[in-house]
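In what follows, a structure is listed as structure tokens, so that the remarks can point back to it.
Chain identifiers are assigned alphabetically (A, B, ...) following the order of the sequence lines, protein sequences preceding nucleic acid strands; residue numbering begins at 1 within each chain. Since the structure is predicted, the reported quantities are computational estimates derived from the model, not experimental observations. Below, all heavy atoms of this structure are taken into account, side chains as well, without hydrogens, waters or symmetry copies.
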Amino acid sequence: MSKIKTLPDFTKSPTIDQTSIIEKASRFQKRSIKKETKIFGLKLALNMIDLTTLEGKDTPSKVKQMCYKAQHMHDSYPDLPTAAAVCVYPSMVSIAKKEVKGSGVKVASVSTAFPAGQAPLSVKIDDTKFAVDSGADEIDMVISRGKFLNGDYNYVYDEIATIKEACGKARLKVILETGELGTFDKVRRASDIAIHAGADFIKTSTGKISPAATMPVTLVMLEAIKDHFYKTGKMVGMKPAGGISNAKLALHYLVMVNEVLGADWMNNTWFRFGASSLANDLLMQLEKQRTGIYQSSDYFSID
Amino acid sequence: MSTKTKNVSTKDLATESLSNNNGNGMQKNERLEVLKTYKVYIGGKFPRTESGRYYKPTNSKGEILGNICLSSRKDVRNSVVAARKAFTGWSGATAFNKSQILYRIAEMLETRKAQFIEEIVFQGSTEAEAKEEVAAAVETFVYYAGWADKFQQVFSSVNPVSGSYFNFSAYEPMGVVGIIAPENNSLLGLAQSIAPAIVGGNTVVVLASESKPLCSITLSEVFHTSDVPGGVINVLTGKLDELVSFFGSHMDVNAVSFHRESDKHLHTIQELAVDNIKRVKNYTPSTYKTEAETQNPYKIIDLQEVKTTWHPIEVIGASGSGY
């Protein structure tokens, strides 16, 4: 008798104690990180950024400028790392790919009718294939939140699995858009669905909805990753996106990842920040550490 | 209670309980007054100092004025961030709106006269001096409120050039201004240093008098209820000695307006200011007795940057040969 792979019953995903999660997340913010450790953390965070521009007004020049920034964060500071990736719309992938060639910076493309995801599956598959064919190394898809909230978990699961297939070699990040899910229980359930359906990364938000990433919601997702790892030994990456705009908060996130998932996740293969203004704040803090003088955004690139 | 903040009202309390002891033993309904905690004012909020440190300045009779926040460099940092955030909105506000808000400060100050007089007297002035100081502070805000929609016309210029250009110079606010407020004149000194800075569209981080800090926080409450947007005025209390270098070196502070009698501190600021070429304005501590000292539009211009524009014109004659 052939062994049929059965899906877990997603309605039985663990429930989340809201008070406890918020309290736990707040404790990660009380660590004191100074001197060398701080510099290490700031550089690491810089190296984990997906520099992002996802606007209707994006132009090839804007994308080129951002690609340059990803490789030259702040040239007056010696030996800075590059960003992890640039994140753009599918139509900009080929331009970005050319610009970052040879630098090690990856090109990520949103797809599946980002940000709403309100399109037929066939369109989403085409969207994804177009991005991959244009050279995207990573695909950031959105889940169908409407279907999810309707309880149609199988649809959501199948859709993610289908897109994963369309990705080919490109790594798949699945955006849950936690700001639209409403409760931590639902965030956990959506995380479990995405992970089982083959997500390489789970990502909090599109950045178009408020609230975007918060520490408690990220913690819920990290715990889903942790539970999956203990069960299967497979690692899944995490990408909080939106709303992380200062260096101090980024360091708090790193502390959280390190303490929940461990040192194996402390690199840009397994952890990313989806942000654009975060980069300059990290750079300003690095300069502050180097010179001892508080910095001004006047002396850093305008993105 | 002795460990809590002592201020004017503790004196009253003491006298009251004394007179109760002399009474006929009847139980008077005695009330423990709620004392005010003097905090700092950053970004439209009243937090305690980040450092958790306090100091206790005394008046000439040796009475403790209060537990006053001993601000640290991080309070300066947070204030500058708040001031920078508020700058775009405040500098872009219409002159009419700025004028209204400054006038509103005067109105609110007027209604809280009694409290300021009480504080100034407690800090060591006579009743008459205190009344005069509060009146002058109200006048200051009224005076500079009037300049909001006038200084641009009065000081801007159209310049004669020999070329096919229309050339004009206009004033723009410098940005975030650090104000080292006068050590004496704890209320009037603040009014005189803050009003000309903000009426020109700057946002400010103020270090209040170290020995007479009470009015600074009460004045912040006035700002807070006068529709001054959060972050436009930030007020810290503490020691200049500790904070001077951060006012001088901070790259995001565009100018420092210095009102103390301390060459040492002034020189520190001047040296550090070189890094981002901040403007340092030194004002000899004033007694604010003459009109030239208290009503002076050049104090607005001191914290303005001149922008000169060369606008090409096609036909030189069109501009009139005078330009």
Distance-only check: which donor-acceptor pairs of chain B and chain A lie under 3.5 Å?
residue, atom, partner, partner atom, Å
B/R73, NH1, A/Y294, OH, 2.7
B/M251, N, A/Y294, O, 2.9
B/D252, OD1, A/S296, OG, 2.6

Using only atom types and a distance under 3.5 Å, with no angle test, would you say the side chain of [X] pairs donor to acceptor with the backbone of [Y]?
X      : Y      : answer
B/D227 : B/I101 : no
B/R260 : B/A181 : yes
B/E210 : B/E183 : no
B/R53  : B/S71  : yes

Only pairs at least two apart or in different chains count here, so list each salt bridge (charged side-chain N to carboxylate O under 4.0 Å, His left out) that has a residue in residues 193-206 of chain B.
-> none
Should the ring pair B/H259 and B/Y283 be called parallel, tilted or perpendicular, given that the plane angle runs from 0 to 90° and is split at 30 and 60?
-> parallel
